[in-house]
2 protein chains.
Amino acid sequence: MSRTTIHDIAKELNTSPSTVSKALNNHPSISAATKELIKTTAVNLNYRQNRLASSLRSGRTNIIGIMIPSSDIGFFGGVVHGIEKIARSNGYNILLFQSNETGEYEVEGIETLLQTSVDGIIASIAKDTPNLDHFFDVKKRKVPLVLFDRVKDELNSPSVVVDDYKGAFMATEHLIQQGYMNIAHISGPQHIKIFNDRLCGYVDALKMNNLPVNDDLIQYGRNSIESGKFSAERLLGRSKDMDAIFAVEDFTALGALQYLKQAGVKMPEKMGMIGFGNESFSPYVTPSLSTIDQQPARMGEEAFTLFLEAMAKKANGSQNGEVEVAEEEPKKIVLDPVLIVRESSIRTPQG
Amino acid sequence: MSRTTIHDIAKELNTSPSTVSKALNNHPSISAATKELIKTTAVNLNYRQNRLASSLRSGRTNIIGIMIPSSDIGFFGGVVHGIEKIARSNGYNILLFQSNETGEYEVEGIETLLQTSVDGIIASIAKDTPNLDHFFDVKKRKVPLVLFDRVKDELNSPSVVVDDYKGAFMATEHLIQQGYMNIAHISGPQHIKIFNDRLCGYVDALKMNNLPVNDDLIQYGRNSIESGKFSAERLLGRSKDMDAIFAVEDFTALGALQYLKQAGVKMPEKMGMIGFGNESFSPYVTPSLSTIDQQPARMGEEAFTLFLEAMAKKANGSQNGEVEVAEEEPKKIVLDPVLIVRESSIRTPQG
DNA sequence: GTGAAAGCGCTAACAT
DNA sequence: ATGTTAGCGCTTTCAC
């Protein structure tokens, strides 16, 4: 009636549970013959390992915890996809938590993950996390912690992010190469690092190409379609020369696109446009929106790889007795963004 | 050094582990005073329950397994979001698996979920699953199984789907109410039930409104942007009267939209358009695409509620001794689709 | 190469 | 109201 255990198999074969356990785990000290025999019997009896018992005893769960703001956001869905895929191929499974950008849920979730004895945690930090105590707790418990996208340097953890500066630089330079000369930028709130990074990338690309940086062509928005519309209107009113816009993210770009279209500005002939983030709608708007891809799935894979490295390091560390190894600088992976060229930035040959 | 256990707390207070356990679990037989004392000490000693041990002993993990095709697909991301949210508020956590539409991964994942002793499984079946043995296995083990969206009646499990027929009916009737008279339909492969259901909804809406059903206005596509373009071209060539299209899903609608725009057909004045699925791009195309929403988050919540009901039933069942209760018809929830009206289907007052 | 024994940390039946 | 005891199913020394 109830689940078959290794005792049942042992009884069936007149051997011992420990032998069965070893055989099923391919322990070298068991002869090939008995391994074969035990494995067949296991199948016949419909045996299925109880991972709870195994984990309790061995101290490993082969489960890693994921903490993200929301799986409803395309980017995070993509990252989770990447993590789950590579994790599975390495024998790990995924316990998924969403903070919904709420510190409270994040704290709660991390607590639960620790209770579940996950082998590691991969997280992207919620916007409104009041403090990082819960993450420091993770480190205190020696549970490998890897951060991605929303990282915090104070945590001194391995992390993977995309190079925002470089992405902005690439976007701007692409517009320059297409022959646009007066390129505006709609930025976001400057206290958020990535937006400032993107602004710097834009400025440096102009400088590096010997183009003037014009403060009138820089607008600070609030990352929304509405804000994009408003910013585009302002820019258009301020400069007669502007012939392209690099927007800090795709929603802003979309708003700008919509405003300009409605204002009768021909794109991409009279006005080039590029966004950032490769949102799912960007291929389908008119004109289709050029943008910078952040490689979510790749980011997930890299994060998991960092986790594996941390696990390996941990295993080595405990071999070296109790000697507290001086904590080395955690590995920080910076992914290259990918330029996605679509209609909105391809200037057709001038007549 | 290592984790605090209930033994540590017991030793500290000169009491027994079982008392500590009961106190922490709010067992009624423990006095308020000792509960208080034990709980404070637990906090002081930085105690954290070992869920592995607890689950092994109690037979409950408070973890439910989720099996979806991919968290990279917007719809499933939304469902997972809904499940995780309500699950958490009920004390459950989510072990997430992706089949990537592959039967092999699905089988593997279900196996792992059973090994992990999840309390239940919520699944949406992969397209190419060769057979349903792995799901029957779940039922054999008496693990509650709930299906959503991609369901199979043979499994005789509680399930939640959206009413495709009704959604198609609503979409078509909306076009009729907007004054469109010659409404075409681009359908999908008819061996897939939902596409046939949508076709039926379209046909019945016409009939119910005393409009003729014209075979020339029905095109069978393959659910893609390209297919949408092609189908729209065919329809346009075949009928001079056609003034609206209901497309079987949003990508098809988008393709049709793009073709018609390029062909100079004014939308929504000369041609109305509505899709199905509320894909993330649909608000942002031009004209913005009216569509039918499938309420992914809601679907996840309902699925979880069905799981809770199955759990309750299971608990009751075992109370009634070993009497095998005749299996009653599983509850099948059919969600109402939601009509999302956007620009593409609002006929402006005729001049 | 195999088996005996201990125990991971917890819960729950059964005393007291 | 509290404590004793047993054991969930497995892994892992250690002995043979």
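Quick note on labels: first sequence line is chain A, next is B, and so on, each numbered from 1. From a predicted model like this one, the values you see are computed outputs, not experimental measurements.
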Q) Taking all non-hydrogen atoms of both residues, which atom of B:S71 and which atom of B:Q98 are closest, and how far apart? A) N-OE1, 2.7 Å
Q. Does the side chain of A:T61 pick up a donor-acceptor pair with the side chain of A:D119 at under 3.5 Å?
A. yes
(Q) Whole angstroms only, please: what is the CD1-P distance between B:I9 and D:dG3? (A) 14 Å
Q. Out of B:N156, B:L155, B:N131, B:L145, which one pairs with B:F136 under the side chain to side chain contact (heavy atoms under 4.5 Å, CB included) rule?
A. B:L155
Q.
Report for the helix from C:dG1-D:dC16 to C:dT16-D:dA1: angle between first-end and last-end helix axes, five pairs each, rounded to 10 degrees.
A. 30°
Q) Taking atom P of C:dA12 as reference, at what distance in whole Å does atom CG of B:L24 sit? A) 13 Å
(Q) Whole angstroms only, please: what is the CG-C1' distance between B:L56 and C:dG7? (A) 12 Å
Q) Tell me, which pairs form a ring-ring contact (aromatic ring centres under 6.0 Å, His included) where one or both residues lie in residues 81-119 of chain A, sequence neighbours left out? A) A:Y92-A:F304, A:Y92-A:F307
Q | Whole-Å distance separating the CZ atom of B:R60 from the C1' atom of D:dC8 | A | 16 Å
Q) Looking just at side-chain N and O atoms, do A:S18 and A:S16 make a donor-acceptor pair shorter than 3.5 Å? A) yes
Q) Could you give the CG-to-P distance, from A:L37 to C:dT2, as a whole number of Å? A) 10 Å
Interface polar pairs with nucleotides 10-12 of chain D, N/O, under 3.5 angstrom:
residue	atom	partner	partner atom	Å
D:dC10	OP1	A:Y47	OH	2.5
D:dC10	OP1	A:N50	N	3.4
D:dC10	OP2	A:I6	N	2.8
D:dT11	OP1	A:N25	ND2	3.3
D:dT11	OP1	A:Q49	NE2	3.0
D:dT11	OP2	A:S21	OG	2.5
D:dT11	OP2	A:N25	ND2	3.4
D:dT11	O2	A:R57	NH1	2.3

Q: List the steps and the verdict of salt bridge (Lys or Arg N to Asp or Glu O under 4.0 Å) for A:R88 and A:E84.
A: CA-CA 6 Å; A:R88 175 182 50 215; A:E84 202 275 336; 3.4 Å; yes
Q: Calculate the interatomic distance between A:N14 atom CG and C:dT2 atom P; express it in whole Å.
A: 14 Å
Q. Hey, are A:K39 and A:N26 close enough side-chain-wise for a donor-acceptor pair under 3.5 Å?
A. yes
Q: Measure the distance from CG on B:L52 to P on D:dC8 and round it to the nearest whole Å.
A: 17 Å
Q | Interatomic distance where CG belongs to B:N26 and P belongs to C:dT11 [whole Å] | A | 12 Å
(Q) Pairing donors with acceptors under 3.5 angstrom, does anything connect the side chains of B:R48 and B:N46? (A) no
Q: Return yes if a side-chain donor-acceptor contact under 3.5 Å exists between A:H134 and A:E106, otherwise no.
A: yes
